[in-house]
Colleague: 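Before anything else, here's the structure in question.
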Amino acid sequence: MQRYTKALDYREAYKLMEARDVLGQPKPFDVEFIPVGGGRRQTAYGVICTSVAKNKGMRRIYYPESGQFRWIYDVLITQINDTRILVR
């Protein structure tokens, strides 16, 4: 994971996770988050956001290498690529 160089409010973080390339395909990103129930921060490399549950404040990420999916809470995301996510 890159050392962070920018900071962003968590309500704007969706722009980084839902970015698309010129062909309209989702751009992979690296994300650091705290798992539900506490514990150590985890890092996921090259994942893609596949869906959003706005009423729950969660995002579903896809790990292309393993083919697995995982739900993560928006407020538990600490970093996306080189951008630190702030919760105020």
Colleague: Within a strict 4.5 Å, meaning less than it, do heavy atoms of the Arg70 and Pro35 side chains meet?
Modeller: yes
Colleague: Any side-chain heavy-atom pair from Val36 and Leu76 closer than 4.5 angstrom?
Modeller: yes
Colleague: Would you check if Tyr62 and Val47 make a side-chain contact, meaning some heavy-atom pair closer than 4.5 Å?
Modeller: no
Colleague: Once rounded to the nearest 0.5 Å, what's the spacing between atom NZ of Lys27 and atom SG of Cys49?
Modeller: 14.5 Å
Colleague: Kindly give the heavy-atom pair with the smallest separation between Pro64 and Gly46, and that separation in Å.
Modeller: CD-O, 3.2 Å
Colleague: Please tell me if the side chains of Tyr45 and Pro28 come closer than 4.5 Å, counting only heavy atoms from C-beta onward.
Modeller: no
Colleague: To the closest 0.5 Å, what do you measure between CH2 (Trp71) and CD1 (Ile61)?
Modeller: 11.0 Å
Colleague: If you define the side chain from C-beta out and look only at heavy atoms, does anything of Tyr14 sit under 4.5 Å from Leu16?
Modeller: no
Colleague: Check whether any side-chain N or O of Asn81 sits under 3.5 Å from a backbone N or O of Asp30 as a donor-acceptor pair, and report yes or no.
Modeller: yes
Colleague: Can you find a pair of side-chain heavy atoms, one from Met58 and one from Asp74, that are under 4.5 Å apart?
Modeller: no
Colleague: Could you give me the CA-CA distance, side-chain angles and deciding distance for Thr78 and Arg84, then say whether side chain to side chain contact (heavy atoms under 4.5 Å, CB included) is met?
Modeller: CA-CA 6 Å; Thr78 59; Arg84 175 75 69 191; 4.2 Å; yes
Colleague: Under 3.5 Å, is there a donor-acceptor pair between the side chain of Thr50 and the main chain of Arg60?
Modeller: yes
Colleague: Would you say Val31 and Val75 are hydrophobically clustered, going by side-chain heavy atoms of ILVMFWY under 4.5 Å?
Modeller: yes
Colleague: To the nearest 0.5 angstrom, please state how far the CD1 atom of Ile72 sits from the CE atom of Met17.
Modeller: 6.5 Å
Colleague: Are the side chains of Phe33 and Arg59 in touch, meaning some heavy atoms are under 4.5 Å apart?
Modeller: no
Colleague: Mind checking the CD-CG spacing from Gln79 to Leu86? Nearest 0.5 Å is all I need.
Modeller: 11.0 Å
Colleague: Can you tell me if Tyr73 has over 12 outside heavy atoms packed within less than 6.0 Å of its OH?
Modeller: no
Colleague: Quick check: do Ile80 and Ile85 have side-chain heavy atoms less than 4.5 Å from each other?
Modeller: yes
